[in-house]
Amino acid sequence: MTCLLGSGIPKRNETGNDQMNLFAEIRTLVIETLNAMAAEGILPAGLELSQVAVEPPRDAAHGDMATNAAMVLAKPAAMQPRAIAEALAARLIADPRVASADVAGPGFLNLRLATSLWQDLIKMALTQGAAFGRANVGAGRRVNVEFVSANPTGPMHVGHVRGAVVGDALARLLAFSGWDVTREYYINDGGAQVDVLARSAYERYREANGLEPEIREGLYPGDYLIPVGEALKAKYGETLLDKDEQFWLAEIRDFATEMMMQMIRDDLAQLNVTMDVYSSEKALYGTGQIEAAIQALREMDLIYEGTLEPPKGKTLEDWEPREQMLFRSTAHGDDVDRPVQKSDGSWTYFAPDIAYHYNKVQRGFDELIDIFGADHGGYVKRMKAAVSALSNGKVPLDIKLVQLVKLYKNGEPFKMSKRAGTFVTLRDVVEQAGADVTRFMMLTRKNDVTLDFDFAKVLDQSKDNPVFYVQYANARINSVLRKSQDAGIDCSDAALAAADLSHLNHPAEIEMAKKIAEWPRLVEIASKANEPHRVAFYLYELASEFHGLWNKGNDDTSLRFIQEGNAATSAAKVALVRATGVAISAGLAILGVTPVVEMR
RNA sequence: GCACCCAUAGCUCAGCUGGAUAGAGCGUUGCCCUCCGAAGGCAAAGGUCGCACGUUCGAAUCGUGCUGGGUGCACCA
């Protein structure tokens with residue numbers, strides 16, 4: 001724990017209450033019914049029911065939900081699937097929640113639910129508000145999400161943005177799903193690159209003192225180090241000017257690293273990303289932590305002195321066999337064993353990484369997640385091997401690889417200047433597109449697929465732009481709420497939840513309610529897969545459903561939300577609108593995007 | 001040579017961890033809207049899910065082997 005620079009902010013979730021997930025509820029009904037049938041001897045006892053699923057059918061014409069129970073159980077029960085399905089259907093129909101149960105195809109059981117169920121769901125959304133959809137898959141267990149972890153040698157650039165957003169949104173998703181989440185940043189301040197930073201900063205320090213800086217090849221030429229030089233001058237005056245490197249390297253390294261980290265923290269704040277813990281690589285050295293981690297592996301007979309084979313097919317001209325300390329990662333699924341110590345006896349970069357993950361295991365996390373750039377895909381197996389070994393296979397490590405972002409402007413590639421020191425920074429992106437737009441766009445693709453980001457298109461106010469489309473839906477919702485308020489309808493959630501929702505009976509309205517009903521299920525699925533992008537896609541679908549309902553009001557005035565002279569009907573319809581808004585707000589909160597109340 | 005990621009409509013991408021006739025947006029085509037709840041709407045066409053086997057009631061999804069693209073492959077972090 002000594003490597004922690006910051007302190008963790010405890011994030012407890014007030015979980016425990018069962019959320020209304022209609023799919024889970026109906027599945028429970030199906031399971032209970034199957035058990036009852038077994039008790040009566042209709043089905044054999046002791047059937048494995050874990051494969052029984054209740055899911056939305058692909059085609060809405062098939063009903064609201066479908067279960068595969070009959071097909072899954074046919075073989076173990078040694079019965080015809082249709083016979084099971086029919087017997088199950090006859091019993092399910094007795095439940096007031098089930099309006100119809102039809103056997104279809106090879107043995108699917110299609111269920112249509114009572115309209116009142118969807119109406120109740122609207123009520124539930126209004127009652128739960130921001131907590132609507134909150135799940136308990138984490139059950140209070142602790143998960144550590146490590147992301148960004150950019151080298152502290154400069155400002156964050158566009159390549160870091162996606163990882164930052166994915167990591168933060170994933171953290172929010174998991175917290176919403178009942179996990180106790182720690183967001184963590186690993187500062188790579190232990191390697192040669194921070195020495196380069198120090199030398200670069202030293203030149204800027206000389207510059208601040210009126211001397212000509214010598215930005216030699218290999219140093220960081222960026223302007224962002226000029227303020228560091230000035231700060232060094234303010235602190236040290238001219239006292240370091242004529243000194244050899246050995247007198248100032250360590251001091252300036254620490255000083256510059258701290259300033260860089262301050263800059264990175266500011267950059268992250270621009271994106272609405274806040275870390276709970278910053279861990280330092282350097283703090284692992286000289287504290288025995290690396291040695292302890294290696295020792296732990298050694299005691300499992302996973303450390304040995306050996307010589308690696310040269311990689312085949314790859315021509316390495318300067319290859320020479322070297323004996324060094326190796327980690328037997330192949331014992332835990334890796335392809336080759338990995339060096340932890342160089343031939344001169346110093347640690348490789350991998351050694352502190354092992355120690356750092358050992359540290360996370362020791363801090364008692366139930367699960368670890370790392371967000372890496374796709375170019376680090378080669379480290380996945382060895383990292384998993386280390387965690388597997390050091391936790392006795394008890395702590396799973398999930399590593400998400402985040403692919404590149406390609407920048408465009410009006411369809412033209414937005415060239416990054418290769419000239420050292422000038423690149424598109426995170427700040428550039430946020431200043432042009434805004435944090436909300438940037439965050440949403442970064443989640444419109446699965447993490448392992450490259451993403452196109454067009455500075456012009458992301459600000460476009462049209463249906464083509466998913467950010468706008470979702471925000472526009474939310475703005476329309478708020479517009480309806482304002483107008484109904486003006487029309488004398490009480491729009492508080494409590495009042496709307498108390499409305500007589502039996503007025504909601506048009507198929508288009510029920511469809512809207514069904515889409516809202518998917519939200520709790522989606523949260524569950526997305527959090528189990530550690531995939532926050534699913535939330536963005538759901539929001540698009542939800543917005544699409546809402547816009548469709550709105551548009552139907554153009555032709556069919558009975559579908560307009562505010563019905564003049566009919567307060568009861570209006571209240572029911574506005575309740576549906578507000579419930580949609582509840583789901584949109586909950587989803588946007590997970591993405592870390594501020595809902596827009598009004599378009600202009 | 002090896003490992004990992006990707007491959008789905010003309011284009012950009014989803015696809016519920018194995019479900020029924022594989023979806024959306026753009027683009028294309030055809031209608032509608034200019035009495036504002038139209039910063040548009042409705043509808044249609046468009047697919048050997050890279051290929052081939054396999055697993056089983058059932059595969060875009062899981063396994064194996066290929067093909068094509070990307071990334072990475074000892075003492076660099």
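All chains are named by letter (A, B, ...) in the order of the sequence lines, taking the proteins before the strands, and each is independently numbered beginning at 1.
In this structure, CG of A:Leu451 is placed 14 Å from C1' of B:A14, rounded to the nearest angstrom. The nearest whole Å value for the distance from the CG atom in A:Leu111 to the P atom in B:A20 is 16 Å. In this structure, A:Asn551 atom CG and B:C32 atom C1' are separated by 13 Å, rounded to whole Å. Remark: C1' of B:A20 and CG of A:Leu109 are 13 Å apart, rounded to the nearest angstrom. Put simply, OH on A:Tyr472 is 8 Å from P on B:G40, counting in whole angstrom units. Atom NE2 of A:His376 is separated from atom C1' of B:G72 by 10 Å (rounded to the nearest Å). Note: CD (A:Glu518) to C1' (B:A14) measures 14 Å, nearest angstrom. Atom NZ of A:Lys446 is separated from atom P of B:C6 by 6 Å (rounded to the nearest Å).
OP1 or OP2 of B:G25 has not a single side-chain nitrogen or oxygen of A:His547 nearer than 4.0 Å. Of the side-chain N and O atoms in A:Tyr379, none sit less than 4.0 angstrom from OP1 or OP2 of B:G72. Put simply, A:Lys75 has a side-chain N or O that comes within less than 4.0 Å of OP1 or OP2 on B:C57.
Comparing B:A74, B:G19, B:A39 by their closest approach to the side chain of A:Trp319 singles out B:A74. Among B:A14, B:A3, B:A39, the nucleotide with an atom closest to any side-chain atom of A:Arg476 is B:A39. Of the candidates B:A20, B:U12, B:U17, B:U12 carries the atom nearest the A:Asp452 side chain, counting heavy atoms from C-beta on. In the set B:A3, B:A74, B:C16, the nucleotide with an atom closest to the side chain of A:Pro339 is B:A74. Of all nucleotides listed (B:C13, B:C57, B:A74), B:C13 comes nearest to the side chain of A:Arg445. For A:Glu281, the listed nucleotide lying nearest its side chain is B:A77; candidates were B:A20, B:G19, B:A77. In this structure, the nucleotide among B:C4, B:A77, B:A74 sitting nearest to the side chain of A:Leu401 is B:C4. Nearest to the side-chain atoms of A:Asp375 among the listed nucleotides B:G72, B:A20, B:U17 stands B:G72. The side chain of A:Gln461 lies closest to B:A39, out of B:U12, B:A77, B:A39. Closest contact between the side chain of A:Pro311 and the listed nucleotides B:A3, B:A74, B:A77 involves B:A74.
For A:Arg534 against B:C16, a side-chain-to-base donor-acceptor contact under 3.5 Å is absent. Residue A:Tyr540 places no side-chain atom within donor-acceptor reach of the base of B:A24, judged by atom type and a 3.5 Å distance cut-off alone. Between the base of B:A3 and the side chain of A:Asp334 there is no donor-acceptor pair shorter than 3.5 Å.
Using C1' as the reference atom, B:G70 and B:G63 are 24 Å apart when rounded to the nearest Å. Spacing between B:A22 and B:A38 at atom C1', rounded to whole Å, works out to 32 Å. Of the C1' atoms belonging to B:U8 and B:A24, the separation is 13 Å, rounded to the nearest Å. If you take atom C1' in B:A59 and the same atom in B:G50, they sit 16 Å apart, rounded to whole Å. A gap of 10 Å separates the P atoms of B:C13 and B:A7, to the nearest Å. Across the C1' atoms, B:G72 and B:A77 are found 15 Å apart, a figure rounded to whole Å. The gap from the P atom of B:G46 to that of B:G10 amounts to 11 Å, rounded to the nearest Å. Atom C1' of B:G19 sits at a distance of 7 Å from the matching atom of B:G58, rounded to the whole Å.
Of the residues A:Glu509, A:Glu541, A:Glu545, the one that meets the salt bridge (charged side-chain N to carboxylate O under 4.0 Å, His left out) test with A:Lys515 is A:Glu541.
Residue A:His62 and nucleotide B:A20 are classified as a stacked aromatic pair, their ring centres being separated by less than 5.5 Å at an interplanar angle below 30°. An aromatic stacking contact links A:Phe108 with the base of B:A20, defined here by ring centres under 5.5 Å apart and ring planes under 30° from parallel.
Heavy atoms of A:Arg338 sit nowhere under 4.0 angstrom from any nucleic acid atom. Counting non-hydrogen atoms under 4.0 angstrom, A:Pro466 reaches nothing in the nucleic acid. Using a 4.0 Å heavy-atom distance criterion, A:Ala374 is classed as a sugar-phosphate-only contact. Residue-level contact check: A:Thr348 touches neither bases nor backbone, having no heavy atom under 4.0 Å from any strand. Residue contacts shown for A:Leu404 are absent, as no nucleic acid heavy atom lies under 4.0 Å away. Using a 4.0 Å heavy-atom criterion, one finds that A:Val380 contacts no nucleic acid atom at all. Using a 4.0 Å heavy-atom cutoff across all strands shown, A:Asp353 reaches no nucleic acid atom at all. Nucleic acid contact class of A:Thr450 (heavy atoms, under 4.0 Å, all strands): sugar-phosphate only. Contact annotation for A:Asp335: backbone-only contact, meaning every heavy-atom pair under 4.0 Å involves sugar-phosphate atoms and none involves a base. Across all strands shown, A:Ala53 has no heavy atoms under 4.0 Å from either base or sugar-phosphate atoms. Residue A:Val72 is in base contact, counting any heavy-atom pair closer than 4.0 Å across all strands shown.
Counting heavy-atom neighbours within 6.0 Å of A:Glu564 CD, excluding the residue itself, gives a total of 12 or less.
Place A:Lys400 and A:Glu541 on RNA chain B by their nearest nucleotides, and A:Glu541 ends up nearer the 5' end. Annotation: of the two residues near RNA chain B, A:Lys528 and A:Ser544, the 5′-most nearest-nucleotide partner is A:Lys528.
When all heavy atoms of A:Leu111 and A:Ala101 are compared, the pair lying nearest together is CD2-CB, 3.6 Å.
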Go through it in stages, so that I can follow the logic: the residues are A:Phe414 and A:Phe455, the test is ring-ring contact (aromatic ring centres under 6.0 Å, His included), and I'd like the CA-CA distance, side-chain angles, deciding distance and then a yes or no. CA-CA 9 Å; A:Phe414 192 88; A:Phe455 282 111; 5.1 Å; yes
With salt bridge (charged side-chain N to carboxylate O under 4.0 Å, His left out) as the criterion, how do A:Asp254 and A:Lys282 come out once you've worked through the C-alpha distance, each side chain's angles and the decisive distance to 0.1 Å? CA-CA 10 Å; A:Asp254 291 352; A:Lys282 196 182 68 179; 2.7 Å; yes
Tell me, with the steps shown, if A:Asp195 and A:Arg253 meet salt bridge (charged side-chain N to carboxylate O under 4.0 Å, His left out). CA-CA 6 Å; A:Asp195 289 343; A:Arg253 187 178 57 209; 2.8 Å; yes
A:His62/A:Phe108 under ring-ring contact (aromatic ring centres under 6.0 Å, His included): CA gap, chis, key distance, verdict: CA-CA 10 Å; A:His62 291 136; A:Phe108 276 103; 8.2 Å; no
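The cationic group of A:Arg521 lies under 6.0 Å from the six-membered ring centre of A:Phe23 and within 45° of the ring axis, placing it in a cation-pi geometry.
The existence of a salt bridge linking A:Glu531 and A:Arg534 is confirmed by a sub-4.0 Å separation between a basic side-chain nitrogen and an acidic carboxylate oxygen. Remark: A:Glu25 does not engage A:Arg27 in a salt bridge, criterion side-chain N to carboxylate O under 4.0 Å.
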